[in-house]
Protein chains: 2
Amino acid sequence: MTATRSYHHGNLRAALLEEAERALADGRDLSLRELAREVGVSHAAPRRHFADKQALLDALAQDGFERLGAELGEALSAAGFDAQLHAMARTYVRFATRHAALLELMYTGKHRPGVDPGVGEAAERALRPMLGVIVAGQEAGAVVGGAPEQVGAAVFAMVQGLAAMVNLGMLDEAAVDAAVERLILGLRPR
Amino acid sequence: MTATRSYHHGNLRAALLEEAERALADGRDLSLRELAREVGVSHAAPRRHFADKQALLDALAQDGFERLGAELGEALSAAGFDAQLHAMARTYVRFATRHAALLELMYTGKHRPGVDPGVGEAAERALRPMLGVIVAGQEAGAVVGGAPEQVGAAVFAMVQGLAAMVNLGMLDEAAVDAAVERLILGLRPR
DNA sequence: ACCTGAACACCGTTCAAGT
DNA sequence: ACCTGAACACCGTTCAAGT
């Protein structure tokens, strides 16, 4: 880690976030002081860019949702409702396993009071592609009618739950496909 | 908080766990030193009962799974597969909302290396009633055949995901019932 | 056996001061 | 505007010592 001095010409913020992600991926605990050390700056310097530790965590979570949303959006290129839903579930599970600690952070303490509203908005944007799949599925007659949000809740709950189980080692990826298949059948109009 | 002196005649461990749950419920951060203070003991005393902070967290998680399992077991008294599954989902979601911080702790870092095996075993025991519902449903012809673990994965994923969404404020309890209904339809033999 | 007190190496946060 | 250094009030963990 050769400390590039040019780093600190306005992008300390980005450097800190990068280092934080690396720590998260390595399973290290996040400490502001350590991040500052790693990036070659005094322990008080991050204060200029993040009001406190929580602000940095919020920025990290928001970034995570934005990347997740981008990946989910790509899954829309599959043809047909079933293929799209399968692709979406696989994409979500893959993101969850590749960025396990980040995903945990993304969903952690969202219920705590005084959350950064930016995180919630990013989460909503990230999950929008899933709603798009539902609406298209309804139009194609593959999905029951009703408020897309209601149907989407079932889909998102299943996918999110499956990802959590895979991360806990309770499930392999074949079981994910099987569960999604069950869900697809349940969503069909009757 | 009148510090009862008789507390410390062999049950410091239980007192610490109780206080930890209270802190969790209040949304306070868990600090071993604060727990010791609250319970009226020196900051080094907990060491006798918990090797380190993680050991206390593991004990807390294990306890949580045991209580969750007991509540889920009660849901089995409902009559018929549909009613049992609905009861189970409502029970799980209720536990999740009443003990949000505890549930987060229960599922947090399960994937980290060197976990207390007791926690995983308690988790498995807690979820067993759910498998029982599946098996009974299969025998009654309300659920597709196949390995109960595979079908159970879909059920647990959905329920766990719904609970997470309710905790995040993304969902109300009516939507839970609707999603479970979709799942029931998907599980039917065809 | 169970607990205390001091010590060590860390934290997050604040604030005057430097450039 | 951006960063430093010292300071404050906390942590978790360890260890000799007390009863």
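Residue numbering restarts at 1 for every chain, and letters A, B, ... go by the order of the sequence lines.
- Protein atom CD of B/Glu38 is 13 Å distant from nucleotide atom P of D/dC10, rounded to whole Å.
- Rounded to an integer number of Å, the gap from CZ of B/Arg47 to P of C/dC3 is 14 Å.
- Applying the Watson-Crick and G-U wobble criteria (two distances, each under 3.5 Å), C/dG18 pairs with D/dC2.
- Counting non-hydrogen atoms under 4.0 angstrom, A/Ser42 reaches a base of the nucleic acid.
- Between the CG atom of A/Asp29 and the C1' atom of D/dG12 there is a distance of 12 Å, given to the nearest Å.
- Heavy-atom nearest nucleotides on DNA chain D were determined for A/Arg33 and for A/Arg48, and the one closer to the 5' end corresponds to A/Arg48.
- Nucleic acid contact for B/Arg37: sugar-phosphate only, since backbone atoms but no base atoms lie under 4.0 Å from a heavy atom of the residue.
- The base-pairing partner of C/dC8, taking Watson-Crick or G-U wobble contacts with both distances under 3.5 Å, is D/dG12.
- Rounded to an integer number of Å, the gap from CG of A/Leu35 to P of C/dT13 is 12 Å.
- For the 3.5 Å distance criterion, the side chains of B/Asp58 and B/Gln54 qualify, holding a donor opposite an acceptor.
- A/Glu66 places no side-chain N or O within donor-acceptor distance of the main-chain N or O of A/Ala126, the cut-off being under 3.5 Å.
- At D/dC10, none of the side-chain N or O atoms of B/Ser31 fall inside 4.0 Å of OP1 or OP2 (strictly under the cut-off).
- Between the CG atom of B/Leu30 and the P atom of D/dC11 there is a distance of 12 Å, given to the nearest Å.
- Nearer to the 5' terminus of DNA chain C, by closest-nucleotide assignment, is the contact made by B/His49 (compared with the other of A/Ala51 and B/His49).
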I'd like to know whether A/Leu185 forms a side chain to side chain contact (heavy atoms under 4.5 Å, CB included) with B/Arg188, so could you lay out the CA-CA distance, the side-chain angles of the two residues, the decisive distance to 0.1 Å, and finally the verdict. CA-CA 9 Å; A/Leu185 293 173; B/Arg188 280 216 214 298; over 6 Å; no

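- Between the A/Gln84 side chain and the A/Leu76 main chain, a donor and an acceptor come within less than 3.5 Å of each other.
- Distance from the side chain of A/His43 is smallest for D/dA6 among the nucleotides D/dA6, D/dC11, D/dC3.
- Using a 4.0 Å cut-off between a side-chain N of Lys or Arg and a carboxylate O of Asp or Glu, A/Glu71 and A/Arg67 do not qualify as a salt bridge.
- Of the candidates C/dG12, D/dG12, C/dC15, C/dC15 carries the atom nearest the A/Ala44 side chain, counting heavy atoms from C-beta on.
- Of all nucleotides listed (D/dT14, D/dT13, C/dC11), C/dC11 comes nearest to the side chain of A/Glu34.
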